[in-house]
Amino acid sequence: MIDSKTKKRIVVRMDARYGPYIRVATYADADALQDKFDEDYYVLYWMMRADELEDDGGREYYFGGGADPVKLQTILDEIEF
């Protein structure tokens, strides 16, 4: 998946406490991504706001310590908007 604002590939990052996560810069991308996660891939996640993403409605998505970051990246790489 390419972030529509930054024009960069969304890459899975790791948080020491919460496991794999991603950052999405805009509300439109976040909304479309949630639809894909919920309806097509059945990925479990929770969403958090990040102050630096707030102007455009961006979000961070966390997947928990049991999530496989490689599989998540594979899913993200399949998604096109």
Going by salt bridge (charged side-chain N to carboxylate O under 4.0 Å, His left out), name the residues that satisfy it together with E39, two or more places apart in sequence or in a different chain.
none

Looking only at non-hydrogen atoms, find the nearest pair between A25 and D3 and report the distance.
N-OD2, 2.8 Å

List for me each residue that meets side-chain contact (heavy atoms from CB on, under 4.5 Å) alongside A32, sequence neighbours excluded, and say none if there are none.
F81

Applying a strict under-4.5 Å side-chain criterion to I, L, V, M, F, W and Y, I'd like to know whether V43 and Y62 cluster together.
no

Sequence neighbours left out, what pairs pass side-chain hydrogen bond (donor to acceptor under 3.5 Å, both in side chains) with at least one residue falling in residues 8-20?
R9-D77

For residues F63 and V12, determine if any side-chain heavy atom of one lies less than 4.5 Å from a side-chain heavy atom of the other.
no

Taking every heavy atom of G57 against every heavy atom of A30, the minimum-distance pair comes out as O-CB, 4.5 Å

Show the numbers, then the answer: is there a side chain to side chain contact (heavy atoms under 4.5 Å, CB included) between R49 and E54?
CA-CA 7 Å; R49 292 190 170 115; E54 197 62 31; 3.3 Å; yes

Would you kindly confirm whether I10 and I2 end up in one hydrophobic cluster when ILVMFWY residues are joined by side chain heavy atoms under 4.5 Å apart?
no

Check: Y21 ring centre within less than 6.0 Å of Y61 ring centre:
no

Begin with the C-alpha distance, continue with both residues' side-chain angles, and end with the deciding distance and a verdict on side chain to side chain contact (heavy atoms under 4.5 Å, CB included) for Y45 and F37.
CA-CA 8 Å; Y45 61 90; F37 281 163; 3.7 Å; yes

Do V24 and L53 share a hydrophobic cluster (ILVMFWY, side-chain heavy atoms under 4.5 Å, transitive)?
no

Contacts of E80 that satisfy side-chain contact (heavy atoms from CB on, under 4.5 Å) - sequence neighbours left out
none

How far does CD1 of I79 sit from OG1 of T74, to the nearest 0.5 angstrom?
11.0 Å

Does some side-chain heavy atom of L33 sit less than 4.5 Å from a side-chain heavy atom of I22?
yes

Any salt bridge (charged side-chain N to carboxylate O under 4.0 Å, His left out) involving residues 20-33? Give me the pairs, sequence neighbours left out, ordered by first then second residue.
R23-E52, R23-E60

Is there a side-chain contact between E78 and Y41 in this structure, where contact means two heavy atoms from C-beta onward sitting under 4.5 Å apart?
yes

With K71, which residues qualify under side-chain contact (heavy atoms from CB on, under 4.5 Å), at least two apart?
D68

